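This report refers to the structure that appears directly beneath it.
These figures come from a predicted structure and were not determined experimentally. Lettering of chains follows the sequences in order, A, B, ..., and the numbering in each one begins at 1.
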Amino acid sequence: MYKSIEYSQRTHGCGLLNDDNVGDKVKLSGWVNRRRDHGGLIFIDLRDRNGLVQIVINPEEEKIFKVAERVRDEYVLSVEGEVSLRPEGTVNPKLSTGKVEVIAKKISILSAAKTPPFEIVDSLNVDESLRLKYRYLDLRRKEMLSNLKLRHNVTTTVRNFLNSYGFMEVETPYLTKSTPEGARDYLVPSRVQPGHFYALPQSPQLFKQILMVAGIERYYQIARCFRDEDLRADRQPEHTQIDMEMSFITQDDIISLMEEMVKMVFESLDMKLEVPFQRLTYDESMKRYGSDKPDLRFEMELVDISNLAANCGFKVFENVINSNGVVKGINALGCGDYSRGQLDELTKLASVYGAKGLAWMQIIEDGKVKSPIAKFFSEETRNSITDAFKAKPGDLLLFVADEKKIVCEALGQLRLYLAKKLGLIDESKYKFLWVMDFPMFEYDKEEKRYKAQHHPFTSPSKETVSFLDSEPLSVKTQAYDLVLNGVEVGGGSIRIHDRELQRKIFNLLGLSSEEVDEKFGFLIEAFKYGVPPHGGIAIGLDRLVMLLAGKDTIRDVIAFPKTQTATCLLTGAPDKVSDKQLRELNIRLK
RNA sequence: GGGGGCGUGGUGCAAUUGGUUAGCACACUGGCCUGUCAAGCCAGAGGUCGCGGGUUCAAGUCCCGUCGCUCCCGCCA
């Protein structure tokens, strides 16, 4: 619903007409959704952004009848006529305008249309590449239109919410400086500075922190972020963040503010949401769900049986424990009748995530199991294991033994796979969760150095900051990820505003002071002039809207997305450029 | 960089597992039709089986390569 602009081409929206309009003389403009020609009578469903209405063309109106005979699907028409109640028995309850129809008095064809390469219908089944090439036709479909409307409604609600809390929307540059670590940058060559490049921002991170130094106090931006990494269903080379930053704020303040914001988004869509959201530490999340973004719409928690495996008699388990690994498992409820083939499939899945094998135990009846590894265990150990999983006859226990990270990830993925397969997930549910207390660093085996798990400006927690020198891997951060239904939809942190601490972190990351000056000097310099304690968060708009729209890919909530090979099928980008352009940029292709 | 799936009229699919004229539905074109809304009925047009090479008497089908789309691993602070 929007204020009608009564201009000469249109007095009403097609889909907004109802029995209140009966008798009204209306002028409509839109596309021919469908024409039904009965020879002596023609119906046209006229579609605009508001929906459909049926136009009736009677043969007595000879002139317009002739025009209507020429009309085809997707022609653009201007129609003048009178709204009238449909005759008894011809009401269409499937249409919001189904009680009425418009008796045409005048029709003009504003634009003819080729037959589209696919039908403009709700339940469309065509290859996505065709939809992307003709995106303007795809977006005419109600489903896609409503996705864009949903996205617009979310950003509108967010803007209103943040404005009401005194946030200022500030734009930050798209042409900026390449920074080390993180994702691969998209580079833009400078013409006036030959051999120099801008980078498109992976996020407005540094600028928003500088805005805090500038005294903006509360900033937000619906910001485009660019990352030149391989694509996935939920990853595009450019994505949109609801990005914000606040001064004089604590982690809990930010969290409750976000909970209110998300709640308001849900309310604007007539959905209820319970706040506060559940919180899990990173360690607990990995331990119980094998993921730092667990889907909590179902249980099936991981169970650690390392203590039982330590001296169980099964060499594979024992060796893993002796080399500091773990043995964990999940109970695939009711999967005790899985065939060898099905078990092989699960094994294959586990191997994708690095597991060298998958052990299983089918529970046949109380105290009895079928399993290739059961023979290694004493009855006592076996019972302890089945007890640990609360296994009942008909259940299937799956075990992975390896280093901790692999065990958790493999089982976490099996957990998800099984839940989907077994229908354990209530698709109508929205389960939010905060994951917190992330480790500050992870050790990069290849590069033999520490890397920041979040980013190098993340503040360590007060409780663990003292471990920086002794055990860096034990240092936790004041960072928080927002997870919805197993999808990371946001993340942020309290930033470091102490220069000494920042220098120490850079040191631990192996950045020399020269490198720091070269890459972040402007931020360090800014921090010398009075920096307020600050923190922030960014919400992934595409992912959030994707989940709200019930879609499996963010491409469905982006007007013009790119394919997995990062091309735009509509425009043909990326493309070659002329020699002249290259010369001007001082670039020679190999 | 790696693994899986798909590619046949405009669209979605089929084609006995190597066999003769590549079939079906929808869409499209024409005709008939005054109450349809997935309109109906009749007729018709439309194919370099993604592309290139190979095996064979014979390839949509088998082999090799390549391109496109897609899902995943790596990657994504």
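Nucleic acid contact class of Pro87(A) (heavy atoms, under 4.0 Å, all strands): base. In this structure, Gln453(A) reaches the sugar-phosphate backbone alone: every heavy-atom distance under 4.0 Å involves primed, P, OP1 or OP2 atoms, never a base. Among the heavy atoms of the strands, none lies under 4.0 Å from Asp228(A). Within the nucleic acid shown, Glu101(A) comes within 4.0 Å of at least one base atom, counting heavy atoms only. Nucleic acid contact class of Ile42(A) (heavy atoms, under 4.0 Å, all strands): none. Asp230(A) comes within 4.0 angstrom of a nucleotide base, judged by non-hydrogen atoms across all strands.
If you check C28(B), G1(B), U70(B) against the side chain of Arg555(A), the one that comes closest is U70(B). Set against C72(B), G1(B), C76(B), the side chain of Arg227(A) has C76(B) as its closest nucleotide. The side chain of Glu60(A) lies closest to U34(B) when the candidates are U34(B), C76(B), C37(B). Distances were taken from every side-chain heavy atom of Glu409(A) (C-beta onward) to each of C69(B), U36(B), G74(B); the shortest belongs to G74(B).
Regarding contacts with the backbone of C73(B), a side-chain N or O of Arg232(A) is found under 4.0 angstrom from either OP1 or OP2. Contact check, Thr115(A) against A27(B): no side-chain N or O comes under 4.0 Å of OP1 or OP2. Within the structure, a side-chain polar atom (N or O) of Arg72(A) is placed less than 4.0 Å from OP1 or OP2 of U29(B). Phosphate proximity of C69(B) to Lys133(A): absent, as no side-chain N or O sits under 4.0 Å from OP1 or OP2. Contact between the side-chain N/O atoms of Arg34(A) and the OP1/OP2 oxygens of A39(B) is found at a separation under 4.0 Å. Side-chain nitrogen and oxygen atoms of Thr567(A) include at least one within less than 4.0 Å of the OP1 or OP2 phosphate oxygen of C69(B). OP1 and OP2 of C37(B) both lie 4.0 Å or more from every side-chain N or O belonging to Thr90(A). In this structure, Gln564(A) reaches the C71(B) phosphate: one of its side-chain N or O atoms is under 4.0 Å from OP1 or OP2.
Applying the 5.5 angstrom centroid cut-off and the 30 degree plane-angle cut-off, the aromatic ring of His38(A) is not stacked upon the base of G35(B). Residue Phe118(A) and nucleotide U11(B) are not classified as a stacked aromatic pair, given the requirement of ring centres less than 5.5 Å apart at an interplanar angle below 30°.
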Applying side-chain hydrogen bond (donor to acceptor under 3.5 Å, both in side chains), run through Asp283(A) and Thr281(A) and close with a yes or a no. CA-CA 5 Å; Asp283(A) 287 342; Thr281(A) 66; 5.5 Å; no
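Across the protein-nucleic acid pair, Glu345(A) atom CD and G4(B) atom P stand 15 Å apart, rounded to whole Å. For Tyr134(A) and G10(B), the OH to C1' distance is 9 Å, given to the nearest whole Å.
Looking at Arg35(A), its side chain has no donor and acceptor atom pair within 3.5 Å of the base of C37(B). Asp127(A) contributes no side-chain N or O that forms a donor-acceptor pair with the base of G12(B) under 3.5 Å. Residue side chain Arg235(A) reaches the base of C76(B) through a donor-acceptor N/O pair under 3.5 Å, judged by distance alone.
Within 6.0 Å of atom CG in Asn18(A), more than 12 heavy atoms from other residues, nucleotides or ligands are found, so the atom counts as buried in its surroundings.
In this structure, U55(B) shows a glycosidic angle more than 90 degrees from zero, which is the anti conformation.
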